[in-house]
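One structure is given below, encoded as structure tokens.
Source: prediction; values computed, not measured. Lettering follows sequence order; numbering is per chain, from 1.
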There are 4 protein chains.
Amino acid sequence: MVPRGRPRDTQVDERVLRIAAALLLERGYTGLSIDEVAEQAGVAKTTLYRRWPAKDHLAVAVVARLQADDEITDTGDIRADLVNYLEKIAAGLNRMRAAGHREGPSAGTVGELVAAAARHEDIGRLTRKQYAERNTLALALIEAARVRGELRADLDAEPLFDQLAGALYYRVMITGAPVDRAYVERLVSSALERNLTCP
Amino acid sequence: MVPRGRPRDTQVDERVLRIAAALLLERGYTGLSIDEVAEQAGVAKTTLYRRWPAKDHLAVAVVARLQADDEITDTGDIRADLVNYLEKIAAGLNRMRAAGHREGPSAGTVGELVAAAARHEDIGRLTRKQYAERNTLALALIEAARVRGELRADLDAEPLFDQLAGALYYRVMITGAPVDRAYVERLVSSALERNLTCP
Amino acid sequence: MVPRGRPRDTQVDERVLRIAAALLLERGYTGLSIDEVAEQAGVAKTTLYRRWPAKDHLAVAVVARLQADDEITDTGDIRADLVNYLEKIAAGLNRMRAAGHREGPSAGTVGELVAAAARHEDIGRLTRKQYAERNTLALALIEAARVRGELRADLDAEPLFDQLAGALYYRVMITGAPVDRAYVERLVSSALERNLTCP
Amino acid sequence: MVPRGRPRDTQVDERVLRIAAALLLERGYTGLSIDEVAEQAGVAKTTLYRRWPAKDHLAVAVVARLQADDEITDTGDIRADLVNYLEKIAAGLNRMRAAGHREGPSAGTVGELVAAAARHEDIGRLTRKQYAERNTLALALIEAARVRGELRADLDAEPLFDQLAGALYYRVMITGAPVDRAYVERLVSSALERNLTCP
DNA sequence: CACTAAACGAGACGGTACGTCTCGTCTTCTG
DNA sequence: CAGAAGACGAGACGTACCGTCTCGTTTAGTG
């Protein structure tokens, strides 16, 4: 398939995403205005809509780039690996938390993205797929630890990871409590140690 | 303090919240229009804004009323009590999930509310306070179980409840996975049983 | 007929009119807000509406009081008498001109009063009656001058006074040109001297 | 200068002004609602506000178009020319008089326009400029008559025209008296003949 | 080099909701 | 009853976005 017509200006993507990121982080989701992005980027609105079909898509793209690659590593020490991985997730969330001037404790932008995923089926599919991949990796990590005997044999991995990741999101979005290294370690401890007393 | 002037019509709150709830659940956050609520409720917009300073505030009030009284009970069986309580939370979330057109897997409305809390400092304070109360109750439940020996003595209650509630929110908002009774039971089991093998 | 119940507080009228005048002159007709007048006067809106059925009526009352009594005097010198009288009218108009911060050249408040008279039949009747009285006096003045031979015998008094008063209003409302003593004298001269060359 | 961007739809101006004129004449100034104009013209409110920054501006534009071209002609007979020209002005005023419900004697709409000119500096400038042009033409007409000896050599043209036009406005806005051909002729006679008896 | 196809800048446009601002009416309690 | 206080209905206003459209202009590749 031969490309016809004038090729897209690749610098546009870069410039737009940079400026959109600045706006999003500085003023929050509402403050991210298509008109303003276009103007600041010296780009026509048409050009934006040629690349991202709606503001929500642009916002998702911006955040996706901010989160980047949360690598997962398996050192054989499940506790350390989980702490390590969860900390990366926490870092991404904390970055969102700063968005929107007031820098209140709650990460409104994360909420907006959830809403965006609900508004647009394609965004929903995309983000769920990405989260599914992340989940798969984490579950594999846990499974490996189970197989090699670090975790108990009849472990239910799915809710375990839900608990870990969920606690982070819960604090960031709902209670507004801090999510730092100390908390992550408490969290992993709480999740891995037995809680019920042995009868 | 003596009340001065014409007292507020208490029926208005009732009527408005009922209609707003219907709109919110049927058409989602965007479909909840102040003008329409006012019209359907036979109320002037001024009257709405006298009670709720912005649409966000109305929406939060609507949802607060839908969640309403998630009573927590202490039967002496911490596992059953937690399952019971989490199911109530899950029910509330699932109700939100249905909100808005496509009945997609993700509860966009919850995300909007998180965003609303971030946009308005007062909403943020209010909701965090409410969640803090809920947390307090749950932590007391857990603490009581610890004291009477159902849970281990050195239990860290805070992350434990974060894990439980967080997992529900995480699935509803992020992964889109179902949150039903079966899952809640798996979740509580996962959180309460020991996961690390004894060395 | 015996008066029953609490008698009206006569101080209210005074206070309200004073404050309304201040607002009207300072901010113009739009800036004259019933709510604000009530608040500043320490008076309930009910009380205002008991006295003046609408904002327009209050405004008219305010202006009527500002104009007060344009006395007309007959010294036997029609030119001087007219100049004298027109100057009083001009003074009233110039007072209105200052109204509304921008102190532009045009007296918007006069226009608003005209509009008010058109909106409310009763205001229209009232003001037209007042203007009719003024007219009657002026016409009598002119007529007397005619009878005693100062003015020509077949003079048409009605358009003559229309011309004089009208020119003032025209400049104040339409062209924005100044209306001072010098102009009034030119005006009277122009109206009284013959303009057509004698054939 | 190259035109950039999508050109304005010229039909919009036409349609909007037509419909706005209909509303203004039928229901008066208050009855001229931006929302309704937009709806009836099949045009977005945004489009209206792009052309006229406020309702006042639209109203002025509507009236300006109604008045349109009051051509002035110089036949060499100053009396006839003045009558002719004043009649055109009177016609415009009488058209305004009909505007708004009660078809009362006073042209409230003219008052509203005066008020509009006072509220917005730009409208004031614009309308004063237009009236200045009209004045210039009329003064030229009078001046020509003076030069050719129809009017006396030391005539003061400015107050003369003020008197003529002013009388019309005065009757329409203030006294509510009729302004028809007969009156215009009396008016011109009154203004042109000598009024003082020769001493 | 002409021609085609698409990207691009600019900005008008339709649509829609928001939140604000008055006005004039009403309802309650107090003197 | 008058008055203070303030809720209420009604309705327009002007604003702020979004996403689409319609131009004219540029930038490639192709015959």
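One finds a salt bridge joining A:Glu121 and A:Arg128 here, because a Lys/Arg side-chain nitrogen approaches an Asp/Glu carboxylate oxygen to under 4.0 Å.
Partners of B:Val12 by side-chain contact (heavy atoms from CB on, under 4.5 Å), not counting sequence neighbours, listed by chain and number: B:Asp9, B:Arg15, B:Val16, B:Val43, B:Thr47, B:Arg51. Not counting sequence neighbours, A:Lys55 has no partner by the salt bridge (Lys or Arg N to Asp or Glu O under 4.0 Å) test. Residues forming a salt bridge (Lys or Arg N to Asp or Glu O under 4.0 Å) with D:Asp35 (at least two apart in sequence, or on another chain): D:Lys45. Qualifying side-chain hydrogen bond (donor to acceptor under 3.5 Å, both in side chains) partners for A:Glu36, counting only residues two or more places apart in sequence or in other chains: A:Arg27, A:Gln40.
Projected onto DNA chain F by closest heavy-atom contact, C:Gly42 and A:Thr30 fall at different nucleotides, the more 5' of which corresponds to C:Gly42. Each of C:Ile34 and D:Arg15 has a nearest nucleotide on DNA chain E; the 5'-most of these lies closest to D:Arg15.
Comparing atom distances between the C:Ala44 side chain and each of F:dA4, E:dC8, F:dA7 picks out F:dA4 as nearest.
Annotation: A:Glu14, atom CD; neighbour count of heavy atoms from other residues, nucleotides and ligands within 6.0 Å is above 12.
Within residues 47-66 of chain B, the residues that have a heavy atom under 4.0 Å from DNA chain F are, in order of number, B:Thr47, B:Arg50, B:Arg51.
In this model, the phosphate group of E:dT16 is not approached by any side-chain N or O of B:Ser33 to a distance below 4.0 Å at OP1 or OP2.
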Where do C:Leu66 and C:Leu25 land on the side-chain contact (heavy atoms from CB on, under 4.5 Å) test, with the steps shown first? CA-CA 10 Å; C:Leu66 286 181; C:Leu25 291 179; 4.0 Å; yes
Determine whether D:Trp52 and D:Leu17 satisfy the following criterion, side-chain contact (heavy atoms from CB on, under 4.5 Å), listing intermediate values before the conclusion. CA-CA 11 Å; D:Trp52 302 279; D:Leu17 287 174; 3.9 Å; yes
Go along nucleotides 21-31 of chain F 5' to 3' and tag each nucleotide: B for a protein heavy atom under 4.0 Å from its base, S when only backbone or sugar atoms are that close, - otherwise. BB--SBB--S-
